[in-house]
Amino acid sequence: MANTVLENATAAPVAPEEPHVLRSGETLPWIVVLVALVALPLVFTGGSQISTLNYLGVMAIFALSYNLLLGQTGLLSLGHATFFGLGGFAATHAVLGFAEAGVNFPLPLIPLIGGVVAFVLGIFGGWLASGRGGMPFAMITLGLSELVYSASNLFPSLYGSEEGVSMDRMDLGSSFGMDYGANSHIYVIVADCLVISAVVLKYFTTTPLGLLTNAVRDNAERVEFLGFSARRVRMWAFAVAAGFAGVAGSLAALNVEIMTVNELGAATSTLVLLMTYIGGTRTFFGPVLGAVVIGLMRIWLSDITPAWMMYFGLLFIFVVMAVPGGLAEMLQGGRRLITSGLLRAQLRPLAGVALAGAVGFAGTVILVELGYRAGLDASLGPAIRILGLPLDTTRPLSWGLGLVLVAGGGWALRQQLDALATRRHALAQPHREAVQ
Amino acid sequence: MGIDVLSFSILNGILYGMLLFLLASGLTLIFSMMGVLNFAHASFFMVGAYFGYALSGRIGFFPALIVAPVLVGGIGALVERYGLRRVHKFGHIGELLFTFGVAFVIEEAIQMVWGRSPQNFEVPAALDFTAFTLFGTGYPAFRVFMLVVSLLIFGGLALLLTRTRVGLVVKASLTHPEMVSMLGHNVPLVFMAVFGVGSALAGIAGVIAGPLLVTQPSMAAAIGPILFVIVVVGGLGSLSGAFIASLLVGFIQTFAVAINTSVADVFGLFGIDTAPTFLGPLFTDIWSVNVAQIGPVVPYLLLVLILLFKPSGLIGKRA
């Protein structure tokens with residue numbers, strides 16, 4: 001079936017602009033990622049810090065694979081963790097099996113096994129789910145994922161009971177000069193897998209099938225009229241995404257040496273959706289940015305405040321409503337602004353926007369923290385220090401301050417955004433005349 | 001299974017099915033209107049249960065049964081007016097993601113206010129008696145009350161949609177929004193009202209289900225996926241399909257709990273008592289599975305089967 005898609009695709013008229021693997025302006029993120037991958041383990045050398053880096057790398061691969069569906073094919077999957085988890089369980093059982101059989105299988109190739117298993121399962125899942133895109137696809141992936149999750153307690157020998165399946169990554173012996181006892185050895189595998197996955201996924205976007213996935217996202221009906229099967233394109237995109245999710249799952253299993261059924265549950269699917277979308281679905285490396293930012297927030301923010309999940313939710317809604325391109329597009333916008341040479345002329349309204357946004361943000365933080373202290377954490381007492389201010393959940397003044405800041409910040413933000421738009425319009429005028 | 005267990009399972013199955021339909025009907029109405037399934041629907045159900053719990057402690061259960069759904073409906077209308085309507089320009093994926101985010105935030109907000117542990121939402125004293133006794137076992141009056149409320153709402157909704165002018169305008173707005181707008185009706189207002197009423201229905205379901213199911217922050221996540229199964233199995237956008245699927249899932253889940261048979265028992269009937277070990281550990285797992293364990297899996301299995309053999313759903317018009 002793959003052949004027909006690919007043959008059809010190659011027979012299609014060539015796109016007016018020949019796709020390049022690397023366009024100018026897209027090389028910077030690659031350089032940043034490569035430098036970061038080399039530099040980070042030199043800066044953070046502690047065992048648990050390396051483990052955190054491994055976690056971030058795993059999530060980056062997972063989010064990249066998810067964006068093949070969400071950003072590239074326009075498919076909202078609510079069950080991507082299924083393949084992350086199944087890949088991880090496949091890898092765990094592979095390690096256990098090879099260890100028992102006494103085979104000295106090189107550990108760095110284990111993710112390949114998890115990836116292939118997830119890819120094959122993804123073909124089947126994709127075949128079931130890809131009849132239509134959009135909402136039905138989301139429903140079906142949710143149903144399939146719940147099916148796998150709810151069926152997992154029927155097979156304790158496969159998924160383990162509540163404590164999951166654990167393994168020892170050193171059981172396979174050493175290969176490539178590493179014994180895989182230290183987290184840094186796993187980091188080498190994770191970093192290599194991240195680079196390989198990114199290159200393969202980037203290359204995939206330039207293949208005929210990869211271009212077709214964009215076409216299916218933009219206008220599935222028209223793709224059908226051109227003689228392609230939108231269903232098959234979705235199915236193969238789904239399978240490839242599932243395969244890379246399986247690679248990520250295998251790496252997660254190698255990093256923590258245990259897999260539990262929670263890894264294939266709805267919470268993990270939600271996490272990858274948040275990471276990918278907040279990072280940005282329209283740029284190739286947006287998901288990596290999201291995985292790093294959300295991954296670090298998950299680790300650090302949860303130490304600082306009980307409300308960290310609430311901030312995720314609010315950030316997600318903010319991105320959905322205000323910046324659908326995500327953090328990556330915000331960064332790109334900033335870069336364009338600096339290189340456009342018009343930064344100085346817009347400095348005043350931009351500062352206004354930033355100030356109004358900061359005021360509104362501070363108000364939101366105050367209200368959320370007060371809310372958590374008044375409800376969930378009421379046992380800690382009413383007095384709380386938020387953003388350096390001594391506040392009290394029993395004093396109306398504290399709540400009033402939060403409300404005033406949110407309302408005032410929101411109102412001012414609107415004014416400043418209007419001012420910014422007017423300024424930009426004025427700046428664009430002479431340029432337009434010059435073009436004409 | 002004796003006749004007593006059978007009759008109680010039928011009663012409970014109808015009860016659970018009607019409860020699911022209260023939720024699925026609002027979801028279906030909102031879907032036919034916007035072409036988007038509202039992920040926050042089960043969250044409004046949960047908010048209904050918590051509001052019902054909080055209000056019944058202050059103003060009593062029956063006033064709470066009115067006030068809580070009104071509040072939930074108000075929240076729903078606000079979410080439509082200031083949220084969904086604004087992300088409409090980003091297409092269906094944007095709308096889906098928005099309702100997903102709302103569901104996420106509502107679950108957190110519930111935990112923020114009421115904590116993570118279950119609430120002690122008790123059956124009101126006025127309904128805390130045995131309605132009737134069947135085969136020597138009593139049936140609680142509260143369950144009868146739930147059934148009556150669900151049936152009343154089902155009947156009322158059916159009458160409203162098929163027999164009144166309001167129903168006519170709503171149905172026309174779902175299919176021909178431009179034409180209805182030309183005729184001088186405020187279609188955005190109709191959409192907001194339908195979203196609000198759909199949320200209020202979920203709120204009612206929450207208040208009456210709160211004492212029976214456990215009122216806790218995970219109740220939305222527990223019932224949400226089941227709702228989506230119902231809507232897809234019944235046929236997207238079909239109210240009667242949602243009705244049939246609700247009862248079907250209600251029966252499947254109640255009967256699965258009532259039947260206590262395992263795969264081993266079935267083979268035991270044929271004189272095979274031990275699992276054949278040569279088939280490996282996976283088969284031994286299947287061997288010890290009993291029906292109560294399969295219960296939660298069946299709705300999703302049903303979903304996959306429906307997708308395989310009748311993608312349009314039981315009463316779906318389009319695939």
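Please read these numbers as outputs of a predicted model, since none were measured by experiment. Every chain is numbered from 1 and lettered A, B, ... according to where its sequence line falls, protein lines coming before strand lines.
Only the side chain of A/I317 comes within contact range of chain B, with at least one heavy atom under 4.5 Å from a heavy atom of that chain. Within the 4.5 angstrom heavy-atom criterion, no atom of A/S145 approaches chain B. Looking at A/Y372, the atoms closer than 4.5 Å to chain B (heavy atoms on both sides) sit in the backbone and in the side chain alike. Residue contact with chain B, scored on non-hydrogen atoms closer than 4.5 Å, involves the backbone and the side chain of A/A151 alike. For a residue to count as touching a neighbouring chain, one of its non-hydrogen atoms must lie under 4.5 Å from one of that chain's; by this rule A/L142 touches chain B with the side chain only. Using a 4.5 Å cut-off between heavy atoms, B/F90 contacts chain A through its side chain alone, with no backbone atom that close. For a residue to count as touching a neighbouring chain, one of its non-hydrogen atoms must lie under 4.5 Å from one of that chain's; by this rule B/V102 touches chain A with backbone and side chain alike. Contacts between B/A221 and chain A at a heavy-atom distance below 4.5 Å are absent for every atom of the residue. Looking at A/Y277, only its side chain comes within 4.5 Å of chain B, counting heavy atoms on both sides. Contacts between B/L303 and chain A at a heavy-atom distance below 4.5 Å involve the side chain alone, from C-beta outward. For B/Y300, the parts lying near chain A are the backbone and the side chain together; criterion is any non-hydrogen pair under 4.5 Å.
For the pair B/R116 and A/L376, the tightest heavy-atom approach, listed with the atom from each and the gap, is NH2-CD2, 3.4 Å. In this structure, B/G101 and A/F316 approach most closely via the heavy-atom pair CA-CD2, 3.6 Å. B/L97 approaches A/L76 most closely through the heavy-atom pair CD2-CD1, 3.8 Å. Between A/L314 and B/V105 the shortest heavy-atom distance is N-CG2, 3.8 Å.
Annotation: the span from B/L96 atom CG to A/M139 atom CE amounts to 6.5 Å, rounded to 0.5 Å.
Against chain A, the residues from residues 222-230 of chain B that qualify, each with a non-hydrogen atom under 4.5 angstrom away, are B/P225, B/F228 in number order.
B/E108 and A/Y311 share no donor-acceptor pair across their side chains, judged by distance under 3.5 Å alone.
A/M321 CE: more than 12 foreign heavy atoms inside a 6.0 Å radius.
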